[in-house]
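Shown next, in structure tokens, is the structure this report addresses.
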Amino acid sequence: GAVVSQHPSRVICKSGTSVKIECRSLDFQATTMFWYRQFPKQSLMLMATSNEGSKATYEQGVEKDKFLINHASLTLSTLTVTSAHPEDSSFYICSALDAKRGEAFFGQGTRLTVV
Amino acid sequence: GDSVTQMEGPVTLSEEAFLTINCTYTATGYPSLFWYVQYPGEGLQLLLKATKADDKGSNKGFEATYRKETTSFHLEKGSVQVSDSAVYFCALEGGGATNKLIFGTGTLLAVQP
């Protein structure tokens, strides 16, 4: 299957700093990528839909100024958690839509811990 | 809005036991339904899917049938193996052209030798 690489897999940062998470589709082009957040024992919550060359579409309740999404190329989307706080600690997962195969492929996730 | 409800885990089974993980959904229209699996340390992988009522998705011995009348998509396997130990997520693809996936909470399956 297709490969989606998410980096870093784990990151610890101090409160008030910003953290960037990358999501790359390695063997296909993805005009659409998705960012999810997963809380312990809870489902993946869709945060936003990232569209190459245009602004991301955020789900209700997700702060767009806090979770900055950039999708500057057909193989890369980034999520930047700005001014991180301990409540932002979570597991963040990206997926990239392979339109040709009609299937979304997932990254391995990033465990963010804000101290 | 659209939602997915799946049984809570963990589910602990002995090898070769029969597996059922229940999943029901609420949606407007006719969503596509999916089961994803997440093995330890790996990303989510599509296990199987069904796109319309009465379709049966199957893969690696797992099956699920799209039941519109009961709004269900239960995952079954006749004989589980230790290697099936993972977290299983039921999901639906929302209406329209958004390709957005809405997930259930995930069910941890632990298969013991």
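By convention in this document, chain letters (A, B, ...) are assigned in the order of the sequence lines, proteins followed by strands, and residues within each chain are numbered from 1.
Within the 4.5 angstrom heavy-atom criterion, only side-chain atoms of A:L46, from C-beta onward, approach chain B. Only the side chain of A:Y36 has a heavy atom closer than 4.5 Å to any heavy atom of chain B. For chain B, the nearby part of A:Q38 is the side chain; its heavy atoms alone come within less than 4.5 Å. Heavy atoms of B:L108 lying under 4.5 Å from chain A are absent altogether.
Summarising the local packing, CG of A:L26 is surrounded by more than 12 heavy atoms from other residues, nucleotides or ligands at distances under 6.0 Å. Surrounding CD of B:E16 are at most 12 heavy atoms belonging to other residues, nucleotides or ligands under 6.0 Å away. Summarising the local packing, CD of B:E8 is surrounded by 12 or fewer heavy atoms from other residues, nucleotides or ligands at distances under 6.0 Å. Heavy-atom contacts from other residues, nucleotides or ligands closer than 6.0 Å to NZ of A:K64 number 12 or fewer. For B:Y30, the OH atom counts as loosely surrounded, since its 6.0 Å shell holds 12 or fewer non-hydrogen atoms of other residues, nucleotides or ligands.
Sorted by first then second residue, the side-chain hydrogen bond (donor to acceptor under 3.5 Å, both in side chains) pairs that include residues 103-113 of chain B, not counting sequence neighbours, are B:Q6-B:T107.
Across all their heavy atoms, A:S43 and B:F103 have their closest contact at CB-O, 3.4 Å. Pairing each heavy atom of A:Q108 with each of B:E42, the nearest pair is NE2-CA, 4.1 Å.
Criterion: ILVMFWY side-chain heavy atoms under 4.5 Å apart, direct or through other members. Under it, B:F73 and B:L92 are part of a common hydrophobic cluster.
At a threshold of 4.5 Å between non-hydrogen side-chain atoms, the residues B:Q45 and A:F106 do not count as touching. Between A:L44 and B:I102 the shortest side-chain heavy-atom distance does not fall below 4.5 Å.
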Start with the C-alpha gap between A:E103 and B:F34, add the side-chain angles, then the distance that decides, and say whether side-chain contact (heavy atoms from CB on, under 4.5 Å) holds.
-> CA-CA 11 Å; A:E103 183 177 337; B:F34 304 81; over 6 Å; no
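In this structure, CG on A:L97 lies 13.5 Å from NZ on B:K100, to the nearest 0.5 angstrom.
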